[in-house]
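Data first, discussion second: the structure below is written as structure tokens.
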Amino acid sequence: MRIARSERRLQFVFGHWLARGLLSHWCDRPVEDVVIEVAADGRPQPTGCGELALSLAHSGAWVVALVAPAAQGTCIGVDVEADFRAISAGWPARRRRAQPRDDAVTAAWVLGEAQAKAGPRRLAPSWQARWEVEEPDVGQALLHLAAANVEFSPRVCLVKVGDGSYNPRPIDLHWKQALT
């Protein structure tokens, strides 16, 4: 598989790097021994890690990875959206949908995307979180995050592709269970 756009290629590389780190942590194995294959439906599939499921998402320079236990045949889903509403020039022009009007719209969008990734067979709840980040040359942004089909408050890793800043360990956000 060859990814032509450099931004998308970086998102892919960083997403898989984060995922391998999370899987290594969960499985207590060296990161070099962690293998991620591509399932028939195109989802990343960890192998040799028991009943762990993996989901990746990206929004502009932000990439997020989620690893969680999942029953055989079920999927998990994660989605992230960077919201630069306060500075309209920061909203990516290549998007085909309009800029969100408020947090509720963005939160609903992100939750819907995570649930779509989790598929129709959901045995666990959905979760939502939001936090502020300072973006150089853009200002303040809100990052919205949602996870679906995860039994307990998710632990995620997040990386910003542009400058390589990241959290090297899974982070616990102030998750709230989503009402669906």
Side-chain angles (χ1 to χ4, degrees), residues 1-82 92 94-97 105-129 143-161 166 170-171 173 175 177-180:
M1 169 179 73
R2 177 145 170 77
I3 302 172
R5 284 187 21 238
S6 62
E7 178 187 48
R8 181 63 194 109
R9 189 170 36 253
L10 285 172
Q11 291 167 339
F12 178 88
V13 168
F14 275 94
H16 281 248
W17 174 73
L18 284 175
R20 290 181 66 203
L22 274 170
L23 289 164
S24 171
H25 174 78
W26 273 86
C27 298
D28 196 26
R29 296 170 59 186
V31 73
E32 300 82 28
D33 294 344
V34 173
V35 177
I36 300 172
E37 295 181 351
V38 179
D41 62 1
R43 295 174 194 265
Q45 179 65 50
T47 59
C49 292
E51 291 190 2
L52 290 177
L54 167 64
S55 186
L56 303 170
H58 59 85
S59 176
W62 295 96
V63 178
V64 66
L66 169 67
V67 172
Q72 185 67 31
T74 62
C75 298
I76 61 173
V78 68
D79 194 46
V80 64
E81 186 71 45
R94 69 179 182 278
R95 299 209 179 228
R96 292 206 164 97
R97 66 180 196 274
V105 172
T106 304
W109 173 268
V110 172
L111 178 61
E113 290 288 306
Q115 289 174 336
K117 286 182 181 182
R121 188 171 174 220
R122 279 182 259 158
L123 305 174
S126 296
W127 303 86
Q128 292 179 296
L143 291 180
H144 291 264
L145 186 69
N149 209 18
V150 180
E151 192 61 42
F152 303 103
S153 296
R155 298 187 76 198
V156 298
C157 275
L158 176 75
V159 66
K160 184 177 177 197
V161 175
Y166 72 102
I171 56 174
L173 300 169
W175 290 95
Q177 196 167 339
L179 302 174
T180 54

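Heavy atoms only: backbone and side chains are in, while hydrogens, waters and symmetry mates are out.
Within the 4.5 Å cutoff, the side chain of I76 has no heavy atoms near those of the V78 side chain. Using a 4.5 Å cut-off on side-chain heavy atoms (C-beta onward), L56 and P44 make contact. A 4.5 Å side-chain heavy-atom check between S59 and H144 finds every atom pair outside the cut-off. Within the 4.5 Å cutoff, the side chain of P46 has no heavy atoms near those of the V67 side chain.
Counting only distance, with no hydrogens or angles, the side chain of W127 and the backbone of P154 share no donor-acceptor pair below 3.5 Å. Although no hydrogens or angles enter the test, the distance criterion places no donor-acceptor pair under 3.5 Å between the side chain of S126 and the main chain of A178. For Q128 (side chain) and A107 (main-chain N/O), a donor-acceptor pair under 3.5 Å exists by modelled atom type.
Here NE2 of H58 is found 10.5 Å from CD of E81. Values are rounded to the nearest 0.5 Å. Between the CG atom in L66 and the CG atom in L54 there is a gap of 8.0 Å [rounded to 0.5 Å]. Taking OG1 of T74 as the reference point, atom CD of E51 lies at 8.0 Å (rounded to 0.5 Å). Between the SG atom in C75 and the CD atom in Q45 there is a gap of 8.0 Å [rounded to 0.5 Å]. Here the CD-CD distance, from Q115 to E113, works out to 10.5 Å after rounding to the nearest 0.5 Å.
With sequence neighbours excluded, the residues satisfying side-chain contact (heavy atoms from CB on, under 4.5 Å) with A118 are R122, A148, N149.
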Could you walk me through whether C27 and L52 pass the side-chain contact (heavy atoms from CB on, under 4.5 Å) check?
CA-CA 9 Å; C27 298; L52 290 177; 3.7 Å; yes
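Of all heavy-atom pairs spanning A65 and G15, the tightest one is CB-O, 4.3 Å. Nearest heavy atom pair, residue A57 against residue V80, reads CB-N, 4.0 Å. Contact detail for R29 and C49: the closest heavy-atom pair is NH1-SG, 3.9 Å. Closest of all the heavy-atom pairs between V31 and R20 is O-NH2, 2.7 Å. Nearest heavy-atom pair across W26 and A68 is CZ2-CA, 4.5 Å.
The stretch residues 30-50 participates, sequence neighbours left out, in these salt bridge (Lys or Arg N to Asp or Glu O under 4.0 Å) pairs: D41-R43.
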